[in-house]
Amino acid sequence: MHNLLHNLNPEQLAAVTLPAQSALILAGAGSGKTRVLTTRIAWLIQTGQVSPAGVLAVTFTNKAAKEMMTRLSAMLPINTRGMWIGTFHGLCNRLLRTHYRDAALPQTFQILDSQDQLSVVKRLLKANNIDDEKYPPKTVVYFINNAKDQGLRADKVEAYDPIERKMVELYQLYDDQCQREGVVDFAELLLRTFELLSRNQPLREHYQQRFKHILVDEFQDTNNLQYNWLKLMAGHGERHGGVLFAVGDDDQSIYAFRGANVGNMSAFEREFQVQNLIKLEQNYRSHGHILDCANQLIANNSKRLGKNLRTDAGHGEPVRIYEASSDLAEAQWIIEESKSLIAEGASRSEIAVLYRSNAQSRVIEHALFSAGIPYHVYGGLRYFQRAEVKHAIAYLQLMDNPHNDSAFLRVVNFPTRGIGLRSIEALQAAADQYGISLYAAVPYVAGKAGSSLGNFVKLVEGARFETQQMPLPELVRVVLEASGLLTHYQTEKEGADRIENLEQMVSAASQFVSEEGFGQAAPAHLGPQAQAQAGAAIVNEDGIEIIDADAALPTVMSPLSAFLSHASLEAGDNQATVGQEAVQMMTVHSAKGLEFNNVFITGLEEGLFPHESSSREEGGVEEERRLMYVAITRARQRLYMCFAQTRMLHGQTRYNMKSRFFDELPEESLKWLSPKVQSHWSATSRKSAWDEAPLVGSDNAIAQKLAQKSVSTGAGWRIGESVAHGKFGEGVIVNLEGSGSNARAQINFGSHGMKVLDLSIAKLDRLGR
DNA sequence: AAAGGCTCATTTTTT
DNA sequence: ATGAGCCTTT
């Protein structure tokens, strides 16, 4: 036991060893949050306060869940595989698989990913002749998900205008359609579980009594449904209840746009009468200057629970700030600095380039590529989302649940087998008429179309029959062949990568089977204890028989069903080159939870970061500031920030002011690097027309304009330059016109708007550094 | 059924 | 500027 608690600081120790009461742990960035969470679980188990089966640990991402299990395994000699550690969605899936009957779902229900959900809605709009201009599918999806996240079914949503009434109607139709198909979307997993346990008292009490300790990670990211789900599980306001241990950081709440409600933290404190609030403020990650920046910046937010990070490490290097003349120059600077970091011995994977929006990555990628520096861009399509993989999955889905219309439509004519639009329309009509799935409607379609469709059905049935006794990886291999997918891509000229991805699915299946313990004869792979339990009914104190989820899971789910859930719930990696020794590029959002020795925060300009759309939303700028806080706290040793005077965005040149966040940082922790002014005007190493234009002339109209203007005014003002005006404050010169005494400047004063000032009259100060 | 042309939007993302 | 989705053409 002493081993476990060894090396914990006083706050961490207090959090880990709290009594069995609800607690809120305010865990600052880099304060050892995951360590506290996992050590708490280990300590509870080791001291005999709870058995591994009595722990429920909830995370948002599979990655976090996996990490928790790995760390826990290292601390205790237990098998964490059977433990209830997972994402909200993964845990709900587990519960619904077991209690599918009570949840009114087919045993082989399948999970729609966002793409599939959108396609269901599009189909629905078409089938009901609804104008998709007036009701854009994306908006409808948003409406539905939003309602579900609030815990509301269609009959409970209040509509205030005809549009909303129609939306509610569509919501109902959508749910009906999903029910017919035997599919559930992500939000449905949670809502269905919530409703199941709300209405089924014995079941609810069973789990409430079972889960003595519930632990939640990233609590600030919970939405209302998730919070209510946790309340239900913890038996809040009920006789049977576990203890809720919530860990989060309100300063790192950056997902309001997808329904996260930071207010859940204070709600939890109030509703659970939390006596144990512990702040983890000791930071083990960043040097002093970096933390000072983070602290001073976030102090500008009004709604905070309050927290200040401290470190024992020294000040370290000051934060270096660079004002680039253009986005290209910004990228070039990042290259130069990265090169010297690498020359000093920094590993490339310890350099991260962060940006507010994905569009910014392009220029930087280009510069890194030209410089021959390997890089890796986060984001993009994940493995299970790639078209060819989704096609293969669709065949598997049809074998397991033929009523999944999305899967049916995806592959009924892929590879092409002469089933065109007309056949599908006829089939859809029959399906609508009888209220059945497309697959089930096939026998009702006569003629040639009927026979092609019939052949497709035979193909699926045949594959199902043929693979009945096969281990999962072999099954996948057979389906890849039988579906014609492999042959199809073999004949295609650009198909090599796709074939490779398809082949990879066989190994993904092998890996899944061995890692998740879903061998063909499932119970044999479990430990003796689980085998004894498997399928056994548990009688609770009310004398009601309940099949507990972990006893029943392997018997209730075929390896195929399990693999399909896995494909939906864990979309896989996004690139072939994982873990390469490469510079890491990502949005600030995806950097959350990561840390690097060297971090660049780029594009720190008004309109970009903070993003312009944030000023329109209530609390938007505060969320942007938290985002900036997350960005800063990713850095261990060196932090770089930069911005550009001119930037290409959406095909237009923009002149942004530097970000307001610079004004919120402690000057003594910063080192402003004077821009190499001539680099913008005379750089010859760069091929860009933009940079070369003033020297050699070019057909780049904007560059020419720029060059002429800067000469014609003679006053020395330059487009992109920052200035200060007595009345309007700081601004950026966007354009220059006229010359001599007629010289005027068009200046963007941010919140004071765009002004055209006469340069011979207006008093302007240069703001260059 | 594939290829080429047009319009349109374009913050952030996991499950 | 760029790419995705949709529509037209071959």
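Just so you know, these numbers use all the heavy atoms, side chains as well, and skip hydrogens, waters and symmetry mates. Reminder, nothing fancy here: chain letters follow the sequence lines and each chain counts from 1.
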Sub-4.0 Å heavy-atom contacts from residues 587-595 of chain A onto DNA chain B, ordered by number |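 A:Thr587, A:His589, A:Ser590 - these, ordered by number, are the residues of the stretch whose heavy atoms sit under 4.0 Å from the strand.
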DNA chain B contacts among residues 599-619 of chain A, heavy-atom distance under 4.0 Å =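 Output list: A:His611, A:Ser613, A:Glu617.
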Partner residues of [X] under the ring-ring contact (aromatic ring centres under 6.0 Å, His included) criterion, sequence neighbours left out:
X	answer
A:Tyr100	none
A:Tyr171	none
A:Tyr629	none

With A:Glu388, which residues qualify under side chain to side chain contact (heavy atoms under 4.5 Å, CB included), at least two apart?
->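 Only A:Arg386, A:Tyr489, A:Arg498, A:Asn501, A:Leu502 meet the side chain to side chain contact (heavy atoms under 4.5 Å, CB included) criterion with A:Glu388.
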Would you grab the first and last nucleotide of DNA chain B (5' to 3') that comes under 4.0 Å of any non-hydrogen atom in chain A?
->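 The contact span of chain A on DNA chain B goes from B:dA1 to B:dT15.
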Do A:Asp217 and A:Lys33 meet the salt-bridge criterion of a basic N to acidic O distance under 4.0 Å?
->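 Yes, A:Lys33 and A:Asp217 are salt-bridged.
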Select base, sugar-phosphate, or nothing to describe what [X] touches, counting heavy atoms under 4.0 Å on all strands.
X	answer
A:Phe257	base
A:Phe88	nothing
A:Asn62	sugar-phosphate
A:Arg382	sugar-phosphate
A:Asn358	sugar-phosphate
A:Asp132	nothing

Between C:dG5 and B:dT12, how far is it from one P atom to the other, in whole Å?
->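 Approximately 15 Å lies between the P atom of C:dG5 and that of B:dT12.
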Expressed in whole Å, how much space separates the C1' atoms belonging to C:dG3 and B:dT14?
->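 It comes out at 24 Å once rounded to the nearest Å.
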Taking for each residue the nucleotide of DNA chain B bearing the nearest heavy atom, is the 5' side occupied by A:Ala571 or by A:Thr416?
->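 Result of the comparison: A:Thr416.
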Assign each of A:Leu627 and A:Gly90 to its nearest nucleotide of DNA chain B by heavy atoms, then name whichever residue's nucleotide is nearer the 5' end.
->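 The 5'-side residue here is A:Leu627.
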List in chain and number order the residues that pass salt bridge (charged side-chain N to carboxylate O under 4.0 Å, His left out) with A:Glu622, two or more places apart in sequence or in another chain; answer none if no residue qualifies.
->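 Salt bridge (charged side-chain N to carboxylate O under 4.0 Å, His left out) check on A:Glu622 returns nothing, list empty.
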Just grab all the salt bridge (charged side-chain N to carboxylate O under 4.0 Å, His left out) pairs involving residues 356-370 of chain A, residues at least two apart or on different chains.
->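 Every salt bridge (charged side-chain N to carboxylate O under 4.0 Å, His left out) pair that includes a residue of residues 356-370 of chain A, provided the two are not neighbours, is A:Arg356-A:Glu624.
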Heavy-atom check, side chain of A:Phe186 versus side chain of A:Gln117, under 4.5 Å |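 Counting from C-beta outward, A:Phe186 and A:Gln117 never come under 4.5 Å.
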Does A:Asn223 reach the side chain of A:Asn261, with side-chain heavy atoms less than 4.5 Å apart?
->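 No, side chains not in contact.
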Of the options A:Arg94, A:Arg97, A:Gln110, A:Glu516, which is the one that meets A:Ser565 in a side-chain hydrogen bond (donor to acceptor under 3.5 Å, both in side chains)?
->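 Testing each of A:Arg94, A:Arg97, A:Gln110, A:Glu516 against A:Ser565, the sole residue satisfying side-chain hydrogen bond (donor to acceptor under 3.5 Å, both in side chains) is A:Arg97.
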How close do A:Ala571 and A:Arg382 get, heavy atom to heavy atom, and via which atoms?
->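 Closest approach of A:Ala571 to A:Arg382: O-CB, 3.3 Å.
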side-chain hydrogen bond (donor to acceptor under 3.5 Å, both in side chains) contacts in which one or both residues fall within residues 410-428 of chain A, not counting sequence neighbours =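 The answer is A:Tyr395-A:Arg417, A:Gln428-A:Asp432.
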Letter per nucleotide, 5' to 3', of nucleotides 2-10 of chain C [B base touched, S only sugar-phosphate touched, - untouched; heavy atoms, 4.0 Å] = SS--S----
Taking only residues at least two apart or on different chains, which pairs with a member in residues 122-149 of chain A satisfy ring-ring contact (aromatic ring centres under 6.0 Å, His included)?
->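 Qualifying pairs: none.
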Give a yes or no answer on whether the side chain of A:Asn404 reaches the backbone of A:Ser406 with a donor-acceptor pair at less than 3.5 Å.
->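 A pair under 3.5 Å: yes.
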